[in-house]
Structure formats: C-alpha cells, structure tokens
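Comments concern the structure below.
Counting convention: from 1, in listed order, for ligands and their atoms alike. In this text, all values refer to a predicted model and were calculated from it rather than measured experimentally.
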Amino acid sequence: MSGAVRHWALIPAAGVGRRFGAEVPKQYLALAGRPVIDHAIAAFIGHPAIAGCAVVLGSADGWWSDVSAYANHPDVLRAPGGAERCHSVRNGLTALADRAAEDDWVLVHDAARPCLRRSDLDRLLAALREEPVGALLAVPIADTVKRADAGQVAETLPRSALWRAYTPQAFRLGLLRRALAQAQARDVVVTDDASAVELLGLRPALIECQADNIKITRPEDLPLAAFYLQQQQLDVQGRSG
Ligand code: CTP
Ligand code: MG
C-alpha cells in the first residue's frame with residue numbers, strides 16, 4: 001500500500017475494575033448519558049486523522065454488545081483481552097496488523113479515560129510529525145512527592161522532573177509490538193505503553209495535556225468525570241455563543 005502514514009486508535013477495555021468495585025466493569029458505567037467507554041471511543045471515531053479503532057474486550061464481557069453505540073460500527077474492530085493491560089494491548093495490535101502498516105501510528109487510550117479533549121488529541125497528533133519514537137499525553141506533578149520506606153519518608157523527589165503519564169500514548173505499530181514482546185520476554189509487566197518502549201532504550205516525548213483527562217479508577221472519579229465533561233461542554237458553548 002502507498003500513501004500517507006495513518007493513525008489508528010486502540011482502546012484496551014478488558015479490565016474488570018477491581019479498585020472501583022462495581023458489579024459492572026467501570027468502562028460500562030453510565031456517564032452523562034452513555035457508557036464511559038463510548039466517551040473514550042467518540043474522541044477518535046469521526047476524527048478526520050483516525051483510520052479506525054480496535055477495542056480489546058474481556059472473554060467474559062457481556063456488556064459491550066448491549067450497551068455500546070459502537071458495537072456494530074464499521075470502523076471498530078474487536079480483539080480478545082489478556083491477563084494484564086499490556087497483554088490486551090498486544091492482542092489489539094495483532095488485530096490492527098491486518099489493516100494497518102508497520103509504520104502506521106497507533107494511539108493507545110484507556111477505555112476508562114472518558115474526558116479526552118479534542119485539543120489535547122490534536123496536540124499529540126501534531127507532535128508525532130516531529131517525534132520519531134512516539135509521544136504520550138502527560139501532566140506535570142503538582143504535589144510534592146515522597147519516596148516511602150517502611151512508612152517513613154526516605155526521600156523527597158525533585159518534583160520538577162516528575163510527570164503523570166496519561167493516554168493516548170502513540171507509537172508506530174511495529175515498534176510497539178516489538179517493545180511489548182520484549183517486555184513480556186523479560187517478564188516485565190509494564191503498566192503503560194511508553195514503559196515498554198523505554199525498555200528498548202528509547203525516549204518517548206512528553207506532551208502536556210489538560211489535567212481533566214483522568215482515568216476512572218475509584219468510585220469518586222465518576223462524579224469528577226461528569227463534572228469535567230459538563231465544564232468542557234460549557235467551554236464549547238461559550239466559544240460558539
Ligand atoms: N485493561 C485491559 N486488560 C487488562 C487490564 C486492564 O484492557 N487485563 C484496560 C482497562 O479496561 C482500562 C485500562 O486497561 O481501560 C487501564 O487499566 P485499569 O485502570 O487498571 O483498569 P482495570 O484493570 O479494569 O482496573 P483495576 O486495576 O482496578 O482492576
Ligand atoms: Mg488494572
């Protein structure tokens with residue numbers, strides 16, 4: 001195939017939401033009139049730069065087909081989940097490889113992260129033109145951070161160098177496949193995609209985003225996400241009014 005490099009979204013959604021503790025995995029809870037996962041997918045589907053989207057679902061998933069408006073969307077393909085997030089992402093990459101080229105960009109974005117702004121996604125996409133390795137959205141840490149040892153402070157870490165890693169995290173399909181395969185071969189369970197690429201000795205770029213791009217982890221995060229979505233809506237109305 002010839003032509004420009006394309007961009008794909010990969011949404012890992014095979015987690016069970018243990019820390020949240022609801023009966024339904026958190027990505028299927030209702031938020032502002034639709035499931036959390038639909039907010040995450042909506043940021044990509046319909047974006048002119050995104051060619052398609054892979055959604056990774058757990059084997060016991062009985063919700064996707066019933067609740068997601070994207071269940072039968074022609075640009076959304078499904079992949080089976082794995083034991084940890086990194087295994088789920090690997091499966092999603094395998095599914096994408098049928099349609100995507102080795103050099104295409106894959107933007108991995110948590111299903112549980114429903115407040116991604118179009119402006120932050122566009123900033124990440126723009127950064128990829130300058131970043132050969134890849135890039136991730138991130139937020140500088142605002143609090144002072146301590147390293148603990150047996151319940152006491154062992155060290156105060158220099159805050160200016162610390163960032164929270166968010167998603168999307170964007171890498172070339174081929175590179176991310178190799179990176180995750182090598183992490184698994186070394187028995188390292190990475191909690192984000194950049195960590196696997198870092199293990200290869202490469203340095204992804206940190207792209208600062210708004211702090212409202214939160215991941216829903218615990219029950220108190222759901223009303224916070226609803227509040228952020230409402231504020232984003234007001235921002236949009238304010239601009240067009
Ligand atoms: N995820 C996945 N496959 C796994 C584990 C997690 O696809 N085996 C996905 C989750 O569905 C979520 C994202 O990775 O969208 C981030 O993971 P996390 O916030 O840890 O979600 P859960 O694993 O569901 O939550 P917990 O760790 O509290 O059980
Ligand atoms: Mg988890």
(request) For Gly17, counting its heavy atoms only, list the atoms of ligand 1 lying under 4.0 Å from any of them. (result) 22 (P), 24 (O), 25 (O), 28 (O), 29 (O)
(message) Please list the nearest protein heavy atom to atom 20 (O) of ligand 1 with its residue and the distance rounded to 0.1 Å.
(response) Arg19 NH2, 3.0 Å
(message) Does ligand 1 come near enough to Ile216 that some N or O of the ligand is less than 3.5 Å from an N or O of the residue?
(response) no
(message) Please list, in number order, the atoms of ligand 1 under 4.0 Å from a heavy atom of Val16.
(response) 24 (O)
(request) Any atoms of ligand 1 less than 4.0 Å from a non-hydrogen atom of Glu84? List them with their elements. (result) 4 (C), 8 (N)
(message) For atom 15 (O) of ligand 1, what's the nearest protein heavy-atom neighbour? Residue, atom name and distance, please.
(response) Pro12 O, 2.9 Å
(request) Compute the minimum heavy-atom distance from Asp110 to ligand 1 and say whether it is under 4.0 Å. (result) yes
(request) Check ligand 1 against Gln27 and write out every atom of the ligand that is under 4.0 Å from a heavy-atom position of the residue. (result) 11 (O)
(request) Note the single closest protein heavy atom to atom 8 (N) of ligand 1, along with its residue, its atom name and the distance in Å. (result) Gly82 O, 2.9 Å
(request) Give yes if a backbone or side-chain nitrogen or oxygen of Lys215 is under 3.5 Å from a nitrogen or oxygen of ligand 1, and no if not. (result) yes
(request) Using distance alone, determine whether Val56 and ligand 1 share an N or O pair under 3.5 Å. (result) no
(message) What protein heavy atom lies closest to atom 10 (C) of ligand 1? Include the residue and the distance to one decimal.
(response) Gly15 N, 3.7 Å
(request) For Lys26, take its heavy atoms, then give the atoms of ligand 1 lying under 4.0 Å from any of them. (result) 18 (P), 19 (O), 21 (O), 22 (P), 24 (O), 25 (O)
(message) Before you tell me yes or no, could you show the steps for Gln182 and Arg178 under side-chain hydrogen bond (donor to acceptor under 3.5 Å, both in side chains), namely the whole-Å CA-CA distance, both residues' side-chain angles and the distance that decides it to 0.1 Å?
(response) CA-CA 6 Å; Gln182 194 175 112; Arg178 283 196 300 284; over 6 Å; no
(request) Return yes if some donor-acceptor pair links the side-chain N/O of Glu131 with the main-chain N/O of Ala205 below 3.5 Å, else return no. (result) no
(request) Would you check, one step at a time, whether the test side-chain contact (heavy atoms from CB on, under 4.5 Å) holds for Arg113 with Ile216? (result) CA-CA 6 Å; Arg113 219 178 268 279; Ile216 293 175; over 6 Å; no
(message) Tell me whether Ala14 has any N or O atom under 3.5 angstrom from an N or O of ligand 1.
(response) yes
(request) Kindly check if the number of other-residue, nucleotide or ligand heavy atoms within 6.0 Å of CZ (Arg203) is above 12? (result) no
(request) Check if Gly81 has a non-hydrogen atom at a distance under 4.0 Å from any atom of ligand 1. (result) no
(request) State the atoms of ligand 1, each with its element, that fall below the 4.0 Å cut-off from a heavy-atom position in Ser88. (result) 2 (C), 3 (N), 4 (C), 7 (O), 8 (N)
(request) Number the atoms of ligand 1 from 1 as they appear, then name those within less than 4.0 Å of a heavy atom of Arg18, with their elements. (result) 25 (O), 26 (P), 28 (O), 29 (O)
(message) I need the contact type for Ala83 against ligand 1. Using non-hydrogen atoms and a strict under-4.0 Å cut-off, is it side chain, backbone, both or neither?
(response) backbone
